[in-house]
Enquirer: 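Structure incoming, see below.
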Amino acid sequence: MNTPQDALRHDWTVQETQALLEQPFNDLLFQAHTVHRRHFDPNRIQLATLLSIKTGACPEDCKYCPQSTRYETGLQQEDLVELERVVDAARQAQRAGATRFCMGAAWRSPKNRDMAQLGAMVKGVKALGMETCMTLGMLTPEQSDQLADAGLDYYNHNLDTSPEYYGEIITTRTYQDRLDTLANVREAGIKVCCGGIVGMGESRRDRAELLVQLANLPQHPESVPINLLVRVQGTPLADTPDLDQFEFIRTIAVARILMPLSYVRLSAGREDMNEEQHALAYFAGANSIFCGAKLLTTPLPETDKDLMLLNRLGIDTENLQPEHHDAVQVQDRL
Ligand code: SAM
Ligand code: DTB
Ligand code: SF4
């Protein structure tokens with residue numbers, strides 16, 4: 001029997017994706033919103049919260065990142081935090097309405113000696129009844145299996161940009177390294193959260209290529225974070241010119257069209273977006289946001305402000321069905 005999963009495409013070309021991006025804005029939004037409401041309740045979004053479990057002093061040279069040891073960003077560094085603090089933060093996030101708790105570490109990759117503590121964090125947060133996500137850098141197959149055994153639901157590892165532009169942004173690991181980690185995570189049975197950053201000076205073609213890379217993975221990522229570059233003083237990208245706000249919305253819309261069953265998450269950069277931009281992003285197909293005091297190191301809009309806007313838009317924040325990738329459930333809603 002054919003399921004909607006089988007109908008998902010993995011053969012997008014850059015040319016047709018760029019053509020989608022270049023449509024008249026209203027045509028693109030209409031198309032994206034039509035896809036969105038075919039598969040999701042358009043008036044519900046998922047709230048996720050992030051905690052930095054190891055901050056700064058990262059050896060990598062990602063030119064956007066305030067946590068790289070190579071740039072003077074004035075960031076206070078912190079070693080891997082205690083289990084108790086992680087569980088307390090998750091409990092607090094849950095009280096504020098978050099259903100997913102993401103833990104991020106400024107590592108190139110975790111050390112094997114850290115794996116037991118990371119596993120304990122996953123178990124501690126899951127015991128609260130929340131979904132867990134981690135982003136720790138590159139993972140080996142063994143490390144992926146260890147996190148899967150601890151019960152990790154999602155692993156975030158971004159492709160960040162197009163293969164062509166990638167070398168302008170990061171030199172300390174390759175695009176293939178990233179694809180290998182994504183494959184290791186999938187193989188271990190962990191769900192994949194994978195997206196990128198726009199506004200780093202890339203071209204529209206680069207944005208199309210990033211989206212094609214994501215959609216043509218063997219399986220679409222269950223979550224696709226679209227980050228707008230947060231320009232942090234001290235990083236090489238601090239003075240990157242503004243991206244046209246409608247290009248950001250176009251990117252969300254095309255992510256929705258290419259990956260119709262995935263959660264598209266409005267991630268970094270929301271501080272710089274006004275209410276109208278948020279509303280357009282939700283219309284274009286974004287159905288998840290990070291909320292709370294901050295992302296990993298940079299601020300987020302106040303949660304009350306986020307909730308007030310969602311309320312004014314008639315969008316509720318009940319937990320979306322995490323098992324939405326189950327073909328039967330999706331079919332029920334078609
Ligand atoms: N160190 C791990 C890694 O790089 O995979 C995990 C943490 S890293 C901070 C997670 C992601 O945050 C990066 O892949 C990047 O997409 C995003 N990010 C980091 N700094 C950002 C910034 N200034 N603006 C937007 N996104 C950013
Ligand atoms: C993702 O794609 N965006 C989040 C999450 N995954 C880990 C992180 C954004 C970080 C923005 C810069 C900071 O706060 O340090
Ligand atoms: Fe390190 Fe991750 Fe920042 Fe790159 S994005 S410098 S790997 S923390």
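Just so it is clear, the model here is predicted, and its values are computed rather than measured. Read the numbers this way: they start at 1 and go in the same order the structure lists the ligands and their atoms.
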Enquirer: Which atoms of ligand 1 are found less than 4.0 Å from any heavy atom of Trp107?
Expert: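 Matching atoms, with element in brackets: 1 (N), 2 (C).
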Enquirer: Using heavy-atom distances, let me know which of Val198, Asp160, Thr235 sits nearest atom 16 (O) of ligand 1.
Expert: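 The nearest heavy atom belongs to Asp160.
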Enquirer: Considering Leu229, Ile197, Asn156 one by one, which has a heavy atom nearer to atom 27 (C) of ligand 1 than any of the others?
Expert: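 Nearest heavy atom to atom 27 (C) of ligand 1 lies in Ile197.
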Enquirer: What is the total of protein N/O/S atoms that are closer to atom 3 (Fe) of ligand 3 than 2.8 Å?
Expert: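 If we list every protein N, O or S atom nearer than 2.8 Å to atom 3 (Fe) of ligand 3, we get 1.
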Enquirer: Would you mind running through ligand 3 and noting each atom that sits below 4.0 Å from a heavy atom of Arg173?
Expert: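 This gives 7 (S) as the contact atoms.
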Enquirer: At what distance is the nearest protein heavy atom to atom 6 (N) of ligand 2, and which residue and atom is it?
Expert: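 For this ligand atom, the closest protein heavy atom is Asn156 OD1, 3.1 Å.
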Enquirer: Have a look at Val230, Leu228, Asn158, Leu136 and point out the one with the heavy atom closest to atom 11 (C) of ligand 1.
Expert: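 Residue with the shortest heavy-atom distance to the ligand atom: Asn158.
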Enquirer: Can you pull out the closest protein heavy atom to atom 3 (N) of ligand 2? Residue, atom name and distance to 0.1 Å, please.
Expert: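 The closest one turns out to be Asn227 OD1, 2.9 Å.
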Enquirer: Within a distance under 4.0 Å of any heavy atom of Thr135, pick out the atoms of ligand 1 and give their elements.
Expert: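 Those qualifying, in numeric order: 5 (O), 6 (C), 7 (C).
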Enquirer: Heavy atoms of the protein only: does one fall short of 4.0 Å from atom 2 (Fe) of ligand 3?
Expert: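 Under 4.0 Å from atom 2 (Fe) of ligand 3, zero protein heavy atoms found.
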Enquirer: Taking the side chain as C-beta and beyond, is there a heavy-atom pair between Leu243 and Arg207 under 4.5 Å?
Expert: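 Heavy-atom side-chain distance check passes, below 4.5 Å.
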Enquirer: To the nearest 0.1 Å, how far is atom 20 (N) of ligand 1 from its closest protein heavy atom, and which atom is that?
Expert: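 Result: Tyr64 CD1, 3.3 Å.
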Enquirer: Heavy-atom distances under 4.0 Å are what count here, so tell me which part of Arg231 touches ligand 1: side chain, backbone, both or neither.
Expert: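 The answer is neither; Arg231 stays 4.0 Å or more away.
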Enquirer: Considering heavy atoms of the protein only, find what lies nearest to atom 8 (S) of ligand 1 and give residue, atom and distance to 0.1 Å.
Expert: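 Looking only at protein heavy atoms, the one closest to atom 8 (S) of ligand 1 is Leu296 CD1, 4.5 Å.
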Enquirer: Which residue and non-hydrogen atom of the protein lie closest to atom 15 (O) of ligand 2, and at what distance in Å?
Expert: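 Nearest neighbour among protein heavy atoms for atom 15 (O) of ligand 2, to 0.1 Å: Thr297 OG1, 2.6 Å.
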Enquirer: Does the Lys NZ or Arg CZ of Arg250 fall within the cation-pi geometry relative to Phe25 - under 6.0 Å from the ring centre and within 45° of the axis?
Expert: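 Relative to the ring axis of Phe25, which defines the angle, Arg250 lies outside at least one limit.
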Enquirer: For the pair Phe283 and His33, name the ring-plane relationship: parallel under 30°, tilted 30 to 60°, perpendicular over 60°.
Expert: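 Parallel.
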Enquirer: Counting non-hydrogen protein atoms only, what is the nearest one to atom 10 (C) of ligand 2? Give residue, atom name and distance.
Expert: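 The closest one turns out to be Leu296 CD1, 4.2 Å.
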Enquirer: If you have a sec, work out which protein heavy atom is nearest atom 12 (C) of ligand 2 and how many Å separate them, to one decimal?
Expert: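 So the nearest neighbour among protein heavy atoms is Thr298 OG1, 3.6 Å.
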Enquirer: If the contact criterion is a heavy-atom separation under 4.0 Å, does Val230 count as touching ligand 2?
Expert: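 Val230: no contact with ligand 2 (<4.0 Å).
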Enquirer: Counting heavy atoms only, which of Arg173, Met138, Lys54 comes nearest to atom 4 (O) of ligand 1?
Expert: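 Residue with the shortest heavy-atom distance to the ligand atom: Arg173.
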Enquirer: For atom 7 (C) of ligand 1, state which one of Ala105, Gly104, Ala106 supplies the nearest heavy atom.
Expert: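 Result: the heavy atom closest to atom 7 (C) of ligand 1 is in Ala105.
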